[in-house]
Amino acid sequence: MRIVHGWKGLDAADKGASVALGNFDGVHRGHQRVIAQAAKAAQALKAPLGVISFEPHPRQIFQPDAPAFRIMDTDQQARALDALGVDVFYVLPFDHEMANLTDREFATQVLHEGLGVRHVAVGFDISFGKGRTGSPELMAAYGRELGFSVSVAEALGDGAAKYSSTGVRAALREGRPQDAAAILGRPFAIEGVVEHGRKLGRTIGFPTANVALTDYVIPKLGVYATRTRLPDGREIAGVANIGVNPTVPGEIAPRLEVWLFDFDEDLYDQVIETDLVAYLRPEEKFDSMEAMVEQIHADAAQARALLLPEF
């Protein structure tokens, strides 16, 4: 899969795709339906399959003071799209110029002139252009005028529970990672560089890999059963705390601290990706270090039973 940054002055080889248009934060099962429609058109047109997304996410521009909300970073998004057979991932800069394009200007200048799209697949609830005035119906009208076909994916979900990024965030904030995974089609995962922490875990027999949450939506604080992928492809079961560790003095921002079972290697400065498999309990402040250690043993036993039932 090729990743193309921008929409101006592209080579002919990077134009002419059948594209899915959206933010695709999470690449959840609803997003996958939109991409599948673009794939169907790509096959019929003998065109490359493309996905258009924006960086930064428009919400970061329009709501800069809102709580962190990202479900995926760009690298995770790219891997998920590659696994779906996408040929070209267009990462368009959401800057002042993009934010001020009208819906007609976006369709004309970006989609038609810039990317030379042959088909555009959108979700039923898409909006585009300054003031979010564009709609699926307007996109279809612009397509007829400019010479590209348009398809609209209907809502996907069980009954009234439509698959959405909002639903994923709500499930995570409420401590329901299994429900988030059902929408995503895979567990929610936090990826980041392993940082040097206070190294307390190592002194009490539970060495943890510490990863900042950065722009990720902050899941319900507490303890989780996890699976972590290492740079070499190994996947290690573990137990993690997401929070501020209130038992230990010193305020820190919420972060992921994951203890990998039966593992004793240096991961500092390496990038790891940790799936949140199940929520075990809320974060709590203990009266003593001994009480905390006893609870960590209990958490680890519960996580092992879930992840390694043969253990």
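From a predicted model like this one, the values you see are computed outputs, not experimental measurements. Just so you know, these numbers use all the heavy atoms, side chains as well, and skip hydrogens, waters and symmetry mates. Numbers here simply count residues along the sequence, with the first being 1.
Under the salt bridge (charged side-chain N to carboxylate O under 4.0 Å, His left out) criterion, D103 pairs with no residue, sequence neighbours left out. For R33, the salt bridge (charged side-chain N to carboxylate O under 4.0 Å, His left out) test picks out no residue, with sequence neighbours left out. Taking the salt bridge (charged side-chain N to carboxylate O under 4.0 Å, His left out) definition, one finds that R227 meets it with nothing, sequence neighbours left out.
Here the closest non-hydrogen pair linking A189 and Q76 is O-NE2, 3.1 Å. The two atoms that bring V217 and R173 nearest to each other are CG2-NE, 3.4 Å, heavy atoms only.
Under the 6.0 Å cut-off for aromatic ring centres, H196 and Y268 qualify, their centroids lying closer than that. The aromatic ring centres of H31 and F24 sit less than 6.0 Å apart. Less than 6.0 angstrom separates the ring centroid of F94 from the ring centroid of F62. Residues H297 and F206 place their aromatic rings such that the two centres sit under 6.0 Å apart.
Judged by distance alone, with hydrogens and angles left aside, the side-chain atoms of Y279 form a donor-acceptor pair with the main-chain N or O of L221 at under 3.5 Å. Judged by distance alone, the side chain of R169 and the main-chain N or O of F69 form a donor-acceptor pair under 3.5 Å.
In summary, R70 and E55 engage in a salt bridge, as defined by a charged side-chain N under 4.0 Å from a carboxylate O.
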